[in-house]
Student: 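If you scroll down you'll find the structure; I have some questions about it.
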Amino acid sequence: MNMNNILQIPPDVKAAIKKFRSLRNIVQSASMILNIDGKDNQVQMDVIEGNYVIRDMTLESIANEYISEHLPRFIYHIVPFKTSGTTKYPLILIYYSPQASDPELNMKAVSLKSMLIAEASPGRCLLVNDLEELTDEWVQEELQKL
């Protein structure tokens, strides 16, 4: 296999994932969006307003403002979840896999999903195919299923 075809997570992205995983002082939520640079086969962080961490923004707003309808994305997401009288802050990996995406890019994204799970050990991995389904309420419902 050609080494240029192997998808890689660069060291700076790995460091950012590790830093994101250890975030504290989360009020509403924290999110980190990752994408695949198909040309270089590198994972990239979406930098929004100079930062790779989006704080206290609903998933609906993130979907509307920062996620392309036709390109797969991964969102590490930390959100308060109340259970048994305590509040937990689970790390979730959300894989957005649009139906109308390029098949080759989708294959890379499926490969990346396993790599991202291994990299951060999220408590839950969720799949969404339609941006309209990507809501805070949906995540809370999925967390209830644990």
Student: Could you tell me the separation between the CG atom of Leu23 and the CG atom of Leu91, rounded to the nearest 0.5 Å?
Tutor: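 Leu23 CG to Leu91 CG: 9.5 Å, rounded to 0.5 Å.
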Student: For the pair Leu71 and Leu105, evaluate side-chain contact (heavy atoms from CB on, under 4.5 Å) and give the outcome as yes or no after the intermediate values.
Tutor: CA-CA 8 Å; Leu71 298 172; Leu105 193 56; 3.8 Å; yes
Student: Would you give the length of the straight line joining atom CD1 of Ile17 to atom CE of Met115, rounded to the nearest 0.5 angstrom?
Tutor: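 One gets 9.5 Å once the value is rounded to the nearest 0.5 Å.
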Student: Give, for atom CG of Leu112 and atom CG of Asn106, the distance between the pair rounded to the nearest 0.5 Å.
Tutor: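 Going from the CG atom of Leu112 to the CG atom of Asn106 covers 12.0 Å.
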Student: Using a 4.5 Å cut-off on heavy atoms from C-beta on, say whether the side chain of Thr58 contacts that of Gln28.
Tutor: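 Touching, per the 4.5 Å side-chain cut-off.
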Student: Does Glu137, at its CD atom, have more than 12 non-hydrogen atoms belonging to other residues, nucleotides or ligands within less than 6.0 Å?
Tutor: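 At most 12 heavy atoms, drawn from other residues, nucleotides or ligands, come within 6.0 Å of this atom.
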Student: Return each pair, listed once, that meets side-chain hydrogen bond (donor to acceptor under 3.5 Å, both in side chains) where at least one residue sits in residues 66-78; pairs must be two or more places apart or across chains.
Tutor: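 Matches after skipping sequence neighbours: Ser31-His77, Asp46-Arg73.
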Student: Under 3.5 Å, is there a donor on one side chain and an acceptor on the other for Gln44 and Asp37?
Tutor: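 Gln44 vs Asp37: donor-acceptor pair found between side chains.
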Student: Determine whether Ile9 and Leu116 make a side-chain contact, defined as any pair of heavy atoms from C-beta on separated by less than 4.5 Å.
Tutor: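 Of all side-chain heavy-atom pairs linking Leu116 with Ile9, at least one is under 4.5 Å.
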Student: Heavy-atom count around Met107 CE within 6.0 Å, excluding the residue itself: above 12?
Tutor: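 Open: at most 12 neighbouring heavy atoms sit under 6.0 Å from CE of Met107.
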Student: Apply side-chain contact (heavy atoms from CB on, under 4.5 Å) to Tyr52 and Val13, showing your working.
Tutor: CA-CA 10 Å; Tyr52 68 88; Val13 175; over 6 Å; no
Student: Could I get the full list of salt bridge (Lys or Arg N to Asp or Glu O under 4.0 Å) partners for Asp136, not counting sequence neighbours?
Tutor: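 By the salt bridge (Lys or Arg N to Asp or Glu O under 4.0 Å) rule, Asp136 matches no residue at all.
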Student: Considering only residues two or more places apart or on different chains, which pairs with a residue in residues 121-135 satisfy salt bridge (Lys or Arg N to Asp or Glu O under 4.0 Å)?
Tutor: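 Of all non-adjacent pairs touching residues 121-135, those that pass salt bridge (Lys or Arg N to Asp or Glu O under 4.0 Å) are Arg124-Glu142.
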Student: Given Ile94, which partner from the list Leu59, Ile62, Leu127 fulfils the side chain to side chain contact (heavy atoms under 4.5 Å, CB included) test?
Tutor: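 Among Leu59, Ile62, Leu127, the one that satisfies the side chain to side chain contact (heavy atoms under 4.5 Å, CB included) with Ile94 is Leu59.
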Student: Does anything in residues 95-104 form a salt bridge (Lys or Arg N to Asp or Glu O under 4.0 Å)? List the pairs, not counting sequence neighbours.
Tutor: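 Found Glu104-Lys108.
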Student: Is the closest side-chain heavy-atom distance between Phe74 and Met32 below 4.5 Å?
Tutor: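 No - every pair of side-chain heavy atoms lies 4.5 Å or more apart.
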Student: Might you work through the side-chain contact (heavy atoms from CB on, under 4.5 Å) test for Leu134 and Ile75, ending with a clear yes or no?
Tutor: CA-CA 11 Å; Leu134 185 57; Ile75 305 168; 3.8 Å; yes
Student: Main chain of Thr135, side chain of Gln140: is a donor-acceptor contact present, judged purely on distance under 3.5 Å?
Tutor: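 The answer is no, because no donor-acceptor pair under 3.5 Å joins these two groups.
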Student: Indicate yes or no for a side-chain donor-acceptor contact from Ser101 to the backbone of Pro98 under 3.5 Å, with no hydrogens or angles considered.
Tutor: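 Here the side-chain-to-backbone pair does not exist.
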Student: Can you list, pair by pair, the side-chain donor-acceptor contacts under 3.5 Å of residues 82-89, counting residues two or more places apart and other chains?
Tutor:
from, atom 1, to, atom 2, distance (Å)
Thr86, OG1, Thr83, O, 3.0

Student: Grab the two heavy atoms, one from Ile67 and one from Leu131, that are nearest each other, plus how far apart they are.
Tutor: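 Scanning both residues completely, I find the closest heavy atoms to be CG2-CD2, 3.5 Å.
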Student: What I'd like to find out is whether the side chain of Ile26 reaches to under 4.5 Å of the side chain of Arg55, using heavy atoms alone.
Tutor: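 Yes. Closest side-chain heavy atoms under 4.5 Å.
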Student: So, using ring pair (Phe, Tyr, Trp, His ring centres under 6.0 Å) as the criterion, who are the partners of Tyr96 when residues are at least two apart?
Tutor: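 Partners of Tyr96 under the ring pair (Phe, Tyr, Trp, His ring centres under 6.0 Å) test: none.
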Student: Kindly indicate whether the side chain of Leu126, heavy atoms from C-beta on, has any atom under 4.5 Å from the side chain of Leu93.
Tutor: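 Sidechains of Leu93 and Leu126: no contact.
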Student: To the nearest 0.5 angstrom, please state how far the CG atom of Asp56 sits from the OG atom of Ser61.
Tutor: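 Rounded to the nearest 0.5 Å, the CG-OG separation comes to 11.5 Å.
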Student: So does Ser97 get a backbone contact from the side chain of Asn129, meaning a donor-acceptor N/O pair under 3.5 Å?
Tutor: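 The answer is yes, because a donor-acceptor pair under 3.5 Å joins these two groups.
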Student: Evaluate the criterion side-chain contact (heavy atoms from CB on, under 4.5 Å) for residue pair Ile92 and Ile78; output intermediate values, then yes/no.
Tutor: CA-CA 6 Å; Ile92 304 160; Ile78 301 172; over 6 Å; no
Student: Measure across Ala30 and Phe20 and return the closest heavy-atom pair with its distance rounded to 0.1 Å.
Tutor: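 Between these two residues, the closest heavy atoms are O-CZ, 3.5 Å.
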